[in-house]
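Side chains are part of it too, since the values below use all heavy atoms of this structure and drop only hydrogens, waters and symmetry mates.
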Amino acid sequence: MADLLGSILSSMEKPPSLGDQETRRKAREQAARLKKLQEQEKQQKVEFRKRMEKEVSDFIQDSGQIKKKFQPMNKIERSILHDVVEVAGLTSFSFGEDDECRYVMIFKKEFAPSDEELESYRRGEEWDPQKAEEKRKLKELAQREEEAAAHQGPVVVSPASDYKDKYSHLIGKGAAKDAAHMLQANKTYGCVPVANKRDTRSIEEAMNEIRAKKRLRQSGEELPPTS
């Protein structure tokens with residue numbers, strides 16, 4: 001019986017020491033603080049959503065507004081606002097490079113922004129419809145001019161004046177034409193008239209001369225001068 005009681009007592013956990021009690025107390029306090037913070041954050045999200053719903057509703061009812069820019073928000077707040085806008089049937093975009101300065105703009109469906117307007121906001125610029133329209137017209141005009149130039153083909157450039165007329169007081173109007181007719185070969189450069197290149201000998205005379213040269217080469221005699 002004593003052995004049974006001893007085994008039961010030994011299997012039971014020992015009473016917590018003073019250090020263990022302090023650790024557990026701190027853990028309970030930390031869990032309570034965390035739960036309180038979570039509840040506060042949840043309540044803040046609910047209040048923020050209600051405020052955004054009120055601002056979006058006022059925007060929809062204001063016929064003079066077609067877009068609205070909000071102050072920079074953190075990622076969670078932007079997500080809540082985008083959800084509110086989607087439920088309301090509007091369009092929204094986030095702009096800004098750094099997360100701290102990113103903001104949301106909302107638009108009514110019938111006044112959705114164009115690609116050019118969105119690019120302007122992404123560059124951090126204000127959208128000016130009048131300047132954008134002028135820029136569009138200039139672009140269309142330049143495009144039409146390019147198309148017209150392509151249909152016309154390459155441009156032929158003609159000289160403003162003839163060089164012969166320009167320098168006629170120096171070379172004369174007929175100088176170039178007369179010089180072309182009077183051009184003759186200069187013999188000092190080895191130019192020989194075609195008539196002088198013709199061989200007037202007969203075939204038989206030419207063959208006899210070739211045979212004579214061959215016999216002289218074989219006999220070693222000098223070739224006599226030809227008349």
Q: Got a sec, which residues hit side chain to side chain contact (heavy atoms under 4.5 Å, CB included) with Lys35, two or more places apart in sequence or on another chain?
A: Glu39
Q: First locate atom CG of Asp58, then atom NZ of Lys54, and finally report the distance between them rounded to the nearest 0.5 Å.
A: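 That separation rounds to 3.5 Å.
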Q: Given the rule that I, L, V, M, F, W and Y join up when any side-chain heavy atoms are under 4.5 Å apart, are Met52 and Ile60 in one cluster?
A: yes
Q: Applying the 4.5 Å side-chain criterion to the ILVMFWY set and letting contacts propagate, would Val104 and Phe95 be lumped into a single cluster?
A: no
Q: Restricting to side chain to side chain contact (heavy atoms under 4.5 Å, CB included), what partner residues turn up for Asn208, sequence neighbours left out?
A: Glu204, Arg211
Q: With hydrophobic residues grouped by side-chain heavy-atom distances under 4.5 Å, do Trp127 and Tyr103 end up in a single group?
A: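 Yes, it is one cluster - the side chains of Trp127 and Tyr103 are joined through contacts under 4.5 Å.
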Q: For Leu141, which fellow cluster members are found when Ile, Leu, Val, Met, Phe, Trp and Tyr are connected by side-chain heavy-atom distances below 4.5 angstrom, either directly or through intermediates?
A: none
Q: Is the backbone N or O of Gln65 less than 3.5 Å from a side-chain atom of Lys108, with the two atoms forming a donor-acceptor pair by type?
A: yes
Q: Atom CG of Leu90 and atom CD of Glu110: how far apart are they, to the nearest 0.5 Å?
A: 8.5 Å
Q: For Phe111, which residues count as a ring pair (Phe, Tyr, Trp, His ring centres under 6.0 Å) partner, sequence neighbours excluded?
A: none
Q: When you compare the side chain of His82 with that of Ser94, does any pair of heavy atoms fall below 4.5 Å?
A: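 A side-chain contact under 4.5 Å exists here.
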Q: As an exercise, state the distance from CD of Glu86 to CG of Leu81, rounded to the nearest 0.5 Å.
A: 11.5 Å
Q: Check whether more than 12 heavy atoms from other residues, nucleotides or ligands sit under 6.0 Å from atom CD of Gln30, and answer yes or no.
A: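 Atom CD in Gln30 is not packed in, count stays at 12 or less.
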Q: How many angstroms lie between CD in Gln40 and NZ in Lys36, if you round to the nearest 0.5 Å?
A: 6.0 Å
Q: Show me the pairs that pass ring pair (Phe, Tyr, Trp, His ring centres under 6.0 Å) and involve residues 42-81, at least two apart or across chains.
A: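 Listed by first then second residue: nothing to list.
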Q: Would you confirm whether Asp98, through its side chain, and Cys101, through its main-chain N or O, come within 3.5 Å as a donor-acceptor pair?
A: no
Q: Between Glu47 and Arg51, does any side-chain N to carboxylate O distance fall below 4.0 Å?
A: no
Q: So, for Lys68 and Glu55, which heavy atoms are closest and what is the spacing to 0.1 Å?
A: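 Looking at all heavy atoms of both residues, the shortest contact is CE-OE1, 3.6 Å.
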Q: Which residue pairs pass the salt bridge (Lys or Arg N to Asp or Glu O under 4.0 Å) test when at least one of the two sits in residues 137-150, sequence neighbours left out?
A: Arg136-Glu140
Q: Could you check whether atom CD of Glu125 has more than 12 heavy atoms from other residues, nucleotides or ligands sitting under 6.0 Å from it?
A: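 Result for CD/Glu125: enclosed.
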Q: Please determine whether salt bridge (Lys or Arg N to Asp or Glu O under 4.0 Å) holds for the pair Glu53 and Lys50, giving the CA-CA distance in whole Å, both sets of side-chain angles, and the decisive distance to 0.1 Å.
A: CA-CA 5 Å; Glu53 289 175 347; Lys50 289 181 179 179; over 6 Å; no
Q: Within a 6.0 Å radius of atom CD on Glu97, are there more than 12 heavy atoms belonging to other residues, nucleotides or ligands?
A: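 Counting other residues, nucleotides and ligands, CD of Glu97 stays at 12 neighbours or fewer.
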Q: What class does the angle between the rings of Tyr121 and Phe107 fall in, given that below 30° is parallel, 30 to 60° is tilted and above 60° is perpendicular?
A: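 Ring orientation of Tyr121 relative to Phe107: tilted.
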Q: Roughly how far apart are Ile210 CD1 and Arg215 CZ, rounded to 0.5 Å?
A: 12.0 Å
Q: Under a single-linkage definition using a 4.5 Å side-chain heavy-atom cutoff for Ile, Leu, Val, Met, Phe, Trp and Tyr, are Ile106 and Ile76 assigned to the same hydrophobic cluster?
A: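 Same hydrophobic cluster.
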Q: Please determine if Arg122 and Glu119 form a salt bridge, counting it only when a charged side-chain N lies under 4.0 Å from a carboxylate O.
A: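 Salt bridge between Arg122 and Glu119, a charged N being under 4.0 Å from a carboxylate O: yes.
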Q: Please assess Arg49 against Asp83 for the test side-chain contact (heavy atoms from CB on, under 4.5 Å), listing each intermediate value before the final yes or no.
A: CA-CA 9 Å; Arg49 185 181 184 91; Asp83 184 61; 2.7 Å; yes
Q: Would you indicate whether Glu100, at its atom CD, is surrounded by more than 12 heavy atoms from other residues, nucleotides or ligands within a distance under 6.0 Å?
A: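 Count not over threshold, so no.
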Q: Nearest 0.5 Å, what's the OG1-CE distance between Thr91 and Met105?
A: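 Spacing of OG1 (Thr91) from CE (Met105) equals 12.0 Å.
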